[in-house]
J.: 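Quick one: the structure is below, questions incoming.
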Amino acid sequence: MLLRSVLRSAAFTAAKTRRPSSLLSYLLGHTAAAASASAVSSRFYSKAKTKTTTTTKGKVRVKGPRGVSADDAARPDEASSVDDDLNVEFELPTDPLPVTYDPALDVGPGGRPLFSFTKSFSSLTRKDACTYVDFSLDEWKAMLPEGLPPGMVKEFEETRRCAVMVRQSFLDLRDNFRRIVDPPIRTGAKNSKRQIVLDGPVSCGKTITLAMLVHWARSEGWLVFYVPKGREWTHGGFFYRAPYSDLWDTPVQAAKILQDFLKFNESFLQRLPCQIFDPIPLGEGAGAGMMKGVDSMAMPEGSTLYDLIHTGISYTHAAVGVVVRLRKELSLVKDLPVLFAIDQYNNWFTFSEYEEPVTVRSCQPIHARELSTVNAYRSMMHDDMMVGAFSHSTAVGKLRQELPDVPLDARVMLPRYTLDEAATVCHYYLRQRLIRRETFSEEKWKKIYYLSNGNGSEMRWLAPFI
């Protein structure tokens with residue numbers, strides 16, 4: 001908020017005196033032009049709730065907030081000039097990229113290598129921290145067919161390369177679950193946590209860290225139940241009161257959950273037999289109502305988990321019941337490691353989009369825990385491996401430190417970029433030509449780091465203004 005007000009004042013002063021003024025130019029050693037100052041102002045205002053953004057090829061047009069202060073309204077000419085300064089076009093990099101790998105360019109801080117060459121995250125060690133690992137977009141989509149996180153996609157688009165930085169926090173998280181499946185022989189090893197909640201400030205890398213963990217686990221042959229958008233479990237579609245419990249069924253979301261889980265794990269599920277043969281309760285289908293004369297469905301003996309999931313996809317009345325049954329079945333799998341990875345996990349501890357009518361003129365919101373699907377997967381009070389990542393971009397509000405159905409020591413705080421990580425990031429942006437080589441210096445990238453306080457997304461859009 002302070003930076004936003006200062007930048008607006010700078011833009012207003014420039015309009016009033018008719019001289020180019022740029023706070024960012026001052027902060028970066030008077031190297032940016034006045035046009036860059038206008039672009040920076042627009043980028044700050046693009047983070048407001050009232051923003052409007054349109055994208056064209058190679059350009060992002062940003063429009064500032066509509067509201068103006070009383071002082072600005074009293075000076076319409078000057079206020080309109082300020083608005084003109086804020087409504088600018090920010091040029092995305094369009095320069096041709098150099099070859100994919102070039103020893104002369106792939107240089108990180110202190111002359112260290114910028115990239116680690118590997119086919120998976122399994123072989124990485126602590127020596128590889130603060131380096132980048134490069135995969136193709138097709139490889140990412142193959143390992144994460146449920147969908148890539150929006151923040152990761154934006155990073156790939158703006159850097160024009162599908163590379164991610166190996167951080168020490170990711171290596172610690174990976175090694176934690178690796179020790180559970182393959183305990184070390186030596187004594188005195190660190191205690192491992194089976195349930196972890198990734199928390200931390202905005203844009204500290206929680207979502208990308210979780211995606212990298214899923215990529216690693218699947219390359220190791222694990223069965224991973226990955227939910228990239230936990231918020232979608234509590235928003236949209238139909239919702240009905242379950243006839244067999246006091247919970248609410250969401251059949252549209254249930255069918256989507258089963259389809260996503262089948263995308264990568266189909267070959268595993270065809271080999272895993274069902275171990276629970278109790279009848280599956282039926283509820284209302286998506287816009288189809290209840291089935292007449294039938295309230296349950298039994299799975300025949302010899303069925304596999306693939307058959308179970310295919311049943312839920314084929315019959316909308318059984319979708320929610322199959323999702324709930326699948327959670328119990330996965331807890332019984334012993335042939336291979338099973339990991340539950342839930343992004344936007346904090347959305348499961350607040351109210352959903354749905355409301356229950358109370359009177360003719362009033363409704364009460366339905367909490368996420370009252371949804372059958374969320375109720376089956378939210379709890380961490382078990383022995384299964386599970387990691388949930390908070391997402392502050394969904395703006396559910398601050399949750400209390402002690403969460404229901406979550407162990408007290410499960411929360412792990414992920415830090416923002418350290419100074420060493422920020423150095424690697426800026427050298428990578430220099431490599432990808434987000435930063436001009438003739439203007440790059442250690443003093444300038446450090447100013448960007450301290451200005452953004454290690455916020456990854458802010459560092460990315462501040463980098464071109466060095």
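In this chain, residues are counted from 1 in sequence order.
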J.: Please say whether the positively charged group of Arg369, taken as NZ for Lys or CZ for Arg, lies over the ring of Phe351, i.e. under 6.0 angstrom from the six-membered ring centre and within 45 degrees of the axis.
T.: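 So Arg369 doesn't make the cation-pi contact.
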J.: Do the side chain of Gln275 and the main chain of Glu329 share a donor and acceptor less than 3.5 angstrom apart?
T.: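 Answer holds: no.
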J.: Determine whether a donor-acceptor pair (N or O, by modelled atom type, separation under 3.5 Å) exists between the side chain of Thr118 and the backbone of Ser123.
T.: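 Side chain of Thr118 to backbone of Ser123: no pair is present.
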J.: Side chains of Asp249 and Ser372: any donor to acceptor distance under 3.5 Å?
T.: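 Indeed, the side chains of Ser372 and Asp249 share at least one donor-acceptor pair under 3.5 Å.
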J.: Tell me if the aromatic rings of Phe121 and Phe135 count as close, with their centers under 6.0 Å from one another.
T.: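 Ring centres of Phe135 and Phe121 closer than 6.0 Å.
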J.: For the pair Glu443 and Lys447, find out whether any cationic side-chain nitrogen is under 4.0 Å from an anionic carboxylate oxygen.
T.: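 Looking at Glu443 and Lys447, the cut-off is met.
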J.: For the NZ atom on Lys263, are there more than 12 heavy atoms of other groups (residues, nucleotides or ligands in this structure) within a distance under 6.0 Å?
T.: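 Yes - once you tally the heavy atoms of other residues, nucleotides and ligands closer than 6.0 Å, there are more than 12.
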J.: Have Glu220 and Ser122 got a donor and an acceptor in their side chains that come within less than 3.5 Å?
T.: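 Per modelled atom types, Glu220 and Ser122 side chains form a pair under 3.5 Å.
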J.: Determine yes or no for a side-chain-to-main-chain donor-acceptor pair under 3.5 angstrom, with Trp348 supplying the side chain and Gly230 the backbone.
T.: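 Checking the backbone N and O of Gly230 against the side chain of Trp348, a donor-acceptor pair under 3.5 Å is found.
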J.: Between Asp384 and Arg194, is there a side-chain N and carboxylate O pair less than 4.0 Å apart?
T.: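 No, this pair does not count.
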J.: How about Ser457 and Asn455: does a side-chain donor come under 3.5 Å of a side-chain acceptor?
T.: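 Short answer, yes.
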J.: Is there side-chain contact between Ile309 and Leu326, with at least one heavy-atom pair below 4.5 Å?
T.: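 Counting from C-beta outward, Ile309 and Leu326 do come under 4.5 Å.
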J.: Decide, yes or no, whether a salt bridge links Glu146 with Arg218 under the criterion of side-chain N to carboxylate O below 4.0 Å.
T.: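 Salt bridge present between Glu146 and Arg218.
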J.: Salt bridge or not for Asp343 and Lys229, using N-O below 4.0 Å?
T.: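 Here Asp343 does not pair with Lys229 in a salt bridge, since their nearest N and O are not under 4.0 Å apart.
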J.: Applying salt bridge (charged side-chain N to carboxylate O under 4.0 Å, His left out), which residue pairs with at least one partner in residues 161-170 are found, sequence neighbours left out?
T.: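 Sorted result for residues 161-170: Asp134-Arg161, Arg167-Glu421.
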J.: Any side-chain donor-acceptor pair under 3.5 Å between His427 and Arg112?
T.: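 Absent: no donor and acceptor within the cut-off.
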J.: Which is it for Arg231 and Tyr345 under the side-chain contact (heavy atoms from CB on, under 4.5 Å) test, yes or no, and what are the steps along the way?
T.: CA-CA 8 Å; Arg231 183 178 183 272; Tyr345 185 58; over 6 Å; no
J.: Kindly state whether the ring of Trp233 and the ring of Tyr377 have centres lying under 6.0 angstrom apart.
T.: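 Yes, they do, as the ring centres are separated by less than 6.0 Å.
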J.: Is there any ring-ring contact (aromatic ring centres under 6.0 Å, His included) pair reaching into residues 255-276, and which pairs are they, with sequence neighbours excluded?
T.: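 Passing the test, one end in residues 255-276: Phe225-Phe261.
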J.: Over 60° means perpendicular and under 30° means parallel, so classify the ring planes of Phe117 and Phe115, tilted if in between.
T.: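 Taking Phe117 first and then Phe115, their aromatic rings sit tilted (interplane angle of 30° to 60°).
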J.: Using only heavy-atom distances, determine whether the side chains of Arg271 and Ser267 contain a donor-acceptor pair under 3.5 Å.
T.: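 The criterion, which ignores hydrogens and geometry beyond distance, is not satisfied for Ser267 and Arg271.
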J.: Can you confirm whether more than 12 heavy atoms, excluding those of Tyr315, are under 6.0 Å from its OH atom?
T.: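 No - once you tally the heavy atoms of other residues, nucleotides and ligands closer than 6.0 Å, there are 12 at most.
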J.: Side chains of Thr131 and Ser116 only: does a donor on one sit below 3.5 Å from an acceptor on the other?
T.: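 Side-chain D/A pair, Thr131 to Ser116: present.
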J.: Between Asp307 and Gln270, does the side-chain contact (heavy atoms from CB on, under 4.5 Å) criterion hold? Intermediate values first, please.
T.: CA-CA 8 Å; Asp307 299 326; Gln270 290 175 343; over 6 Å; no
J.: Determine, for Arg179 against Asp175, whether the closest basic-nitrogen to carboxylate-oxygen distance falls under 4.0 angstrom.
T.: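 Salt bridge between Arg179 and Asp175, a charged N being under 4.0 Å from a carboxylate O: no.
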